[in-house]
Q: 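Could you have a look at this structure, given as structure tokens, before my questions?
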Amino acid sequence: MPLLAYKESHILSAQQLRKLSEHKYSCFSASLLDPLLQPWWNWLVSQTPLWLAPNLITIVGLILNIVTTLILICYSPNGVEAPPRWTCALCALGLFVYQSLDSIDGKQARRTNTSSPLGELFDHGCDSISTVFVALSACISCQLGHYPNWLFFQCFCAIALFYCAHWQTYVSGTMRFGRIDVTEAQFSIIGIHLVSAVLGPEFWLTKIGIGDIQLWYGPAITTIVCGLLSLTYVFSVIKAGGVGKNGSTVAGTSVLSPSIPLTLVVLPALIIAQKSPENLFTEHASVYIMAFGMVAAKITNKLVIAHMTKAEMEYLDWSLLGPALLFLNQYFNCIVPEIWLLWFTLIWGTQDLLRYCSQVCLEICQHLRINLFRIPYNPKGGAPHPATASVSSQSNIGSSVDKNGGTSHRKSKSKPH
């Protein structure tokens with residue numbers, strides 16, 4: 001068997017695919033910004049061609065977000081060097097485009113009568129990757145490379161909070177968005193990039209008031225406060241018990257079980273960063289965040305699939321190979337240069353994530369008899385293609401009704417519509 005091959009030819013079992021077809025998307029949102037942005041999203045989707053597949057909209061936004069962040073990283077790989085102002089402006093634009101496109105994919109799915117469970121999964125998968133790059137870009141714009149511990153905390157806080165949001169969904173069966181949540185966080189980061197673009201990234205290192213208080217303390221403290229409030233709510237949901245038998249998760253497992261995969265990512269990342277004799281995190285912050293971010297994205301995707309298929313989540317995963325090798329290498333006094341293993345972790349984790357997501361999407365597409373990036377389109381307005389009608393009827397089995405009477409299997413920032 002090839003080294004990179006999965007243990008089984010199919011990732012999803014027949015039972016999981018059946019459960020996926022029956023999946024009902026449940027969402028509650030109290031976001032402050034979403035109602036204000038609805039007119040913009042509605043106008044934007046009205047300008048979108050009917051032949052454009054919702055998943056294609058999502059992936060284009062993600063690619064733009066990643067590319068603009070990588071440009072910023074090229075100029076300031078450790079968050080210490082001040083990147084050119086135009087790179088910060090580019091990141092603000094990239095994030096705004098991603099946020100907008102990510103918010104209309106569900107609307108486009110309903111508009112073209114092509115809603116399916118794959119849309120929700122694909123959306124969450126893209127968000128899990130975007131979270132890593134968005135958090136890292138914000139830290140670089142704020143010049144947090146001068147304070148490596150804060151940079152580590154901010155990035156892994158964002159990654160952990162995204163995972164915890166899906167953890168409580170796995171427990172309660174309903175995705176919940178607070179008054180200050182993902183949309184508000186994204187626009188706050190857009191604001192950070194714009195400030196850096198206008199006043200320069202060095203602006204955040206300006207000392208104010210008494211002592212060594214600097215302007216970057218503002219975003220950092222805001223993250224702590226909002227993060228604590230979010231975690232308090234998440235754990236209150238978990239403590240209250242799940243919707244499964246005897247207060248278990250949707251899959252009938254322990255409500256604490258999702259904590260294990262998260263711990264296997266965050267704890268080694270912290271230990272390796274603190275114990276590294278080569279100052280691995282300080283010297284290679286961006287590569288470090290991206291490497292462990294890809295591993296975190298993989299386990300987040302597995303949690304989303306576990307929720308949608310009502311299946312038990314596996315604790316161990318091949319993506320953890322990189323962190324394990326870094327940990328063991330430190331234990332045996334770094335017999336291999338740490339930077340080699342860090343790049344291995346990034347490359348291995350990225351290819352493993354892409355292979356996993358590709359295989360899952362392929363299996364779902366085959367099961368639902370749909371295409372990932374193409375939808376049936378009849379410019380003359382004739383009857384929908386039989387495959388489209390079949391998919392639509394499947395999605396309507398487990399779809400949630402929005403405020404306008406529409407149905408969706410997709411998670412999007414336009415949650416309640």
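Note that the structure is predicted; figures quoted are calculated from it, not measured.
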Q: Just how far is it from atom CD1 of Ile305 to atom CG of Leu121, taken to the nearest 0.5 Å?
A: 5.0 Å

Q: If you measure from CG on Asn149 to CD on Gln274, what distance do you get to the nearest 0.5 Å?
A: 5.5 Å

Q: Return yes if a side-chain donor-acceptor contact under 3.5 Å exists between Thr58 and Asp123, otherwise no.
A: no

Q: Would a distance-only check, ignoring hydrogens and angles, find a side-chain to backbone donor-acceptor pair under 3.5 Å from Thr87 to Pro84?
A: yes

Q: Any side-chain donor paired with an acceptor under 3.5 Å for Thr174 and Ser172?
A: no

Q: On a heavy-atom basis, which atom in Pro258 and which in Ser254 lie closest, and how many Å separate them?
A: CD-O, 3.9 Å

Q: Of all the heavy-atom pairs spanning Ser196 and Arg85, show the shortest one and how long it is.
A: O-CG, 3.9 Å

Q: Report the C-alpha distance between Ile159 and Phe292 in whole Å, list the side-chain angles of each, state the deciding distance to 0.1 Å, and finish with yes or no for side chain to side chain contact (heavy atoms under 4.5 Å, CB included).
A: CA-CA 10 Å; Ile159 292 170; Phe292 280 88; over 6 Å; no

Q: Side-chain contact test, heavy atoms from C-beta onward, threshold under 4.5 Å: evaluate it for Met290 versus His284 and give yes or no.
A: no

Q: How are the rings of Trp40 and Trp43 set to each other: parallel, tilted or perpendicular (split at 30° and 60°)?
A: parallel

Q: What I want to check is whether the side chains of Thr282 and Asn279 have a donor and an acceptor closer together than 3.5 Å.
A: no

Q: Report yes or no: does Glu363 contribute a side-chain atom to a donor-acceptor pair with the main-chain N or O of Val360 at less than 3.5 Å?
A: no

Q: I'd like to know whether the aromatic ring centres of Phe373 and Phe122 sit less than 6.0 Å apart in this structure.
A: yes

Q: With heavy-atom distances below 4.5 Å as the criterion, would you say the side chains of Leu199 and Trp204 are in contact?
A: no

Q: Any side-chain heavy atom of Leu95 sitting closer than 4.5 Å to one from Phe187?
A: no

Q: Decide yes or no for Leu72 and Cys88: does some side-chain heavy atom of the first lie under 4.5 Å from some side-chain heavy atom of the second?
A: yes

Q: Nearest 0.5 angstrom please: Gln186 CD to Asp102 CG, how far?
A: 7.0 Å

Q: Counting N and O atoms only, with roles assigned by atom type, does the side chain of Glu338 sit under 3.5 Å from a partner on the main chain of Leu326, one being a donor and the other an acceptor?
A: no

Q: Between His166 and His307, is the ring centroid distance below 6.0 Å?
A: no

Q: Is there a side-chain contact between Leu342 and Ile339, using heavy atoms and a 4.5 Å cut-off?
A: yes

Q: We want to know whether His23 and Thr309 form a side-chain donor-acceptor pair, criterion being a heavy-atom distance below 3.5 angstrom.
A: no

Q: Side chains of Asp352 and Leu321: closer than 4.5 Å at any heavy-atom pair?
A: no

Q: Tell me whether Ser276 contacts the main-chain N or O of Ala273 through its side chain, where contact means a donor paired with an acceptor under 3.5 Å.
A: no

Q: Would you name the heavy atoms of Val132 and Ile289 that are closest together and state the gap between them?
A: CG1-O, 3.9 Å

Q: Just checking Trp167 against Phe235, ring centres under 6.0 Å apart?
A: yes

Q: Is the closest side-chain donor-acceptor distance between Lys310 and Gln15 under 3.5 Å?
A: no

Q: Could you tell me whether the side chains of Ser31 and Glu184 share a donor-acceptor contact shorter than 3.5 Å?
A: yes

Q: Tell me yes or no: between the side chains of Ser100 and Trp41, is some donor less than 3.5 Å from an acceptor?
A: no

Q: Mind listing the closest non-hydrogen atom pair of Leu62 and Tyr98 along with its distance?
A: N-CD1, 3.3 Å

Q: Looking only at heavy atoms, what is the nearest atom pair of Val250 and Gly173, with distance?
A: CG1-CA, 3.8 Å

Q: If only atom types and distance count, is the side chain of Gln143 paired as donor or acceptor with the main-chain N or O of Pro201 below 3.5 Å?
A: no

Q: Might you confirm whether atom CD1 of Ile71 has over 12 heavy atoms from other residues, nucleotides or ligands at distances under 6.0 Å?
A: yes

Q: Testing the 3.5 Å rule here: is there a donor-acceptor pair between the side chains of Tyr288 and Asn78?
A: no

Q: When you check the side-chain N and O atoms of Thr249 and Thr253, is any donor under 3.5 Å from an acceptor?
A: yes

Q: Counting C-beta onward and ignoring hydrogens, is there a side-chain heavy-atom pair between Pro261 and Leu303 closer than 4.5 Å?
A: no

Q: Could you check whether any side-chain N or O of Ser76 sits under 3.5 Å from a backbone N or O of Glu81, counting only pairs where one atom can act as donor and the other as acceptor?
A: yes

Q: Short question: side chain of Thr68, backbone of Asn65 - any donor-acceptor pair under 3.5 Å?
A: yes

Q: Tell me, with the steps shown, if Met175 and His124 meet side chain to side chain contact (heavy atoms under 4.5 Å, CB included).
A: CA-CA 11 Å; Met175 172 156 279; His124 288 309; 3.7 Å; yes

Q: Please examine the side chains of Tyr163 and Val265, heavy atoms only from C-beta on, and report whether any two atoms are closer than 4.5 Å.
A: no

Q: Quick check: are there more than 12 heavy atoms from other residues, nucleotides or ligands sitting under 6.0 Å from CZ of Arg18?
A: yes

Q: Lys302: which residues meet the salt bridge (charged side-chain N to carboxylate O under 4.0 Å, His left out) condition with it, sequence neighbours left out?
A: Glu314, Asp317

Q: Answer with yes or no after comparing the ring centroid distance for Tyr147 and Trp216 against a 6.0 Å cut-off, counting only values under it.
A: yes

Q: Could you tell me which non-hydrogen atom of Leu20 sits nearest to which non-hydrogen atom of Pro117, and how far apart they are?
A: O-CG, 3.5 Å

Q: Measure the spacing between CZ of Phe133 and SG of Cys91 and express it to the nearest 0.5 Å.
A: 11.0 Å

Q: Rounded to the nearest 0.5 Å, how far does CG of Leu262 lie from OG1 of Thr300?
A: 8.0 Å

Q: Is it true that a side-chain atom of Asp105 and a backbone atom of Ile57 form a donor plus acceptor pair closer than 3.5 Å?
A: no

Q: Evaluate the criterion side chain to side chain contact (heavy atoms under 4.5 Å, CB included) for residue pair Thr222 and Cys226; output intermediate values, then yes/no.
A: CA-CA 6 Å; Thr222 301; Cys226 294; 4.0 Å; yes

Q: With side chain to side chain contact (heavy atoms under 4.5 Å, CB included) as the criterion, how do Ser286 and Leu136 come out once you've worked through the C-alpha distance, each side chain's angles and the decisive distance to 0.1 Å?
A: CA-CA 7 Å; Ser286 293; Leu136 179 57; 4.1 Å; yes

Q: Sub-3.5 Å donor-acceptor pair from the side chain of Arg369 to the main-chain atoms of Cys365, do we have one?
A: no

Q: Sort out for me which residue in Pro54, Ser115, Pro49 forms a side chain to side chain contact (heavy atoms under 4.5 Å, CB included) with Gln108.
A: Pro54

Q: Can you tell me how far apart CE (Met294) and OG (Ser319) are? Round to the nearest 0.5 Å.
A: 11.0 Å

Q: State whether the side chain of Thr169 and the backbone N or O of Ala165 hold a donor-acceptor pair below 3.5 Å, judged by distance alone.
A: yes

